Novice: 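One structure coming up, written as structure tokens, with questions to follow.
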Amino acid sequence: MEGIVTVTVDVTSLDVETKAKLEDALNGLGLRTTLPETEGGTLHLPSGTYGNLIEVKEQMDQMKHYYRNLVGIMRKLKIKEKYFVNVSQKPTFVCGEL
């Protein structure tokens, strides 16, 4: 059974270059700005939100993986903004600000 993990970073105050670096790093983790819909279409996520399909049975491990990587990426890029990581099954999330 699949679920979804979403990662959202407040990108409103980031310059274009930093946004592009953030997106490249998150794409490297397999996170995308679009997700497939069950009806066969494409779900476009809001600005600053990236997602991926995950196995529900491993969702906590996967959420920790994305969280740790996100915080590492934000520190590397010196992004001191708010972030939110969420998994869809048994909704669980982590959020904060660097």
Side-chain angles (χ1 to χ4, degrees):
M1 181 181 204
E2 287 186 334
I4 297 173
V5 61
T6 55
V7 171
T8 303
V9 178
D10 181 4
V11 296
T12 54
S13 64
L14 300 181
D15 60 59
V16 173
E17 182 180 344
T18 304
K19 275 189 207 178
K21 287 179 181 178
L22 174 65
E23 186 162 326
D24 286 346
L26 293 177
N27 285 337
L29 291 174
L31 295 164
R32 304 287 181 253
T33 57
T34 61
L35 292 172
E37 291 180 343
T38 54
E39 295 82 25
T42 302
L43 174 64
H44 295 273
L45 300 173
S47 178
T49 300
Y50 307 84
N52 195 9
L53 299 177
I54 60 172
E55 288 296 322
V56 170
K57 65 182 179 181
E58 300 170 358
Q59 79 170 8
M60 291 307 294
D61 290 336
Q62 292 185 18
M63 185 180 80
K64 289 175 191 174
H65 165 74
Y66 287 115
Y67 163 71
R68 288 180 184 132
N69 279 285
L70 173 66
V71 170
I73 290 165
M74 289 176 70
R75 285 188 175 141
K76 181 180 176 184
L77 296 175
K78 297 182 172 114
I79 298 172
K80 297 184 180 289
E81 302 296 335
K82 293 178 181 172
Y83 62 83
F84 181 80
V85 181
N86 181 56
V87 287
S88 61
Q89 292 298 104
K90 296 182 188 173
T92 307
F93 62 91
V94 291
C95 58
E97 183 173 3
L98 293 185

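What you see is a predicted model, and the numbers here were worked out from it, not measured in a lab.
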Novice: If you group Ile, Leu, Val, Met, Phe, Trp and Tyr by side-chain heavy-atom gaps below 4.5 Å, do Ile4 and Leu29 land in one group?
Specialist: no
Novice: Name every donor-acceptor pair, under 3.5 Å, that has one atom in a side chain of residues 60-78 and the other anywhere in the protein, sequence neighbours excluded.
Specialist:
from: Gln62; atom 1: NE2; to: Glu58; atom 2: OE1; distance (Å): 3.2
from: His65; atom 1: ND1; to: Asn69; atom 2: ND2; distance (Å): 3.2
from: Tyr66; atom 1: OH; to: Asn52; atom 2: ND2; distance (Å): 2.9
from: Asn69; atom 1: ND2; to: His65; atom 2: O; distance (Å): 2.7

Novice: Once rounded to the nearest 0.5 Å, what's the spacing between atom OG of Ser13 and atom NZ of Lys80?
Specialist: 12.5 Å
Novice: Quick check for you: to the nearest 0.5 Å, what is the distance between Thr92 atom OG1 and Asn86 atom CG?
Specialist: 7.5 Å
Novice: Between CG of Asn27 and OH of Tyr50, what distance do you get to the nearest 0.5 Å?
Specialist: 7.5 Å
Novice: State, with a plain yes or no, whether a side-chain heavy atom of Glu97 is found less than 4.5 Å away from one of Asp10.
Specialist: no
Novice: Mind checking whether Thr8 and Pro46 have side chains closer than 4.5 Å, heavy atoms only?
Specialist: no
Novice: For residues Gly3 and Ser88, report the shortest heavy-atom separation together with the two atoms involved.
Specialist: CA-OG, 3.5 Å
Novice: Test of understanding: with side-chain contact (heavy atoms from CB on, under 4.5 Å), list the residues that count as partners of Glu17, not counting sequence neighbours.
Specialist: Asp15, Lys21
Novice: Hey, could you give me the CG/CG distance between Leu45 and Leu31, rounded to the nearest 0.5 Å?
Specialist: 10.0 Å
Novice: Cluster question for you: counting only ILVMFWY and a side-chain heavy-atom cut-off of under 4.5 Å, with indirect links fine, are Ile54 and Val94 together?
Specialist: yes
Novice: Output the distance between atom CD1 (Ile79) and atom NZ (Lys19), rounded to the nearest 0.5 Å.
Specialist: 11.0 Å
Novice: Mind checking the CG-CD spacing from Leu98 to Glu81? Nearest 0.5 Å is all I need.
Specialist: 9.0 Å
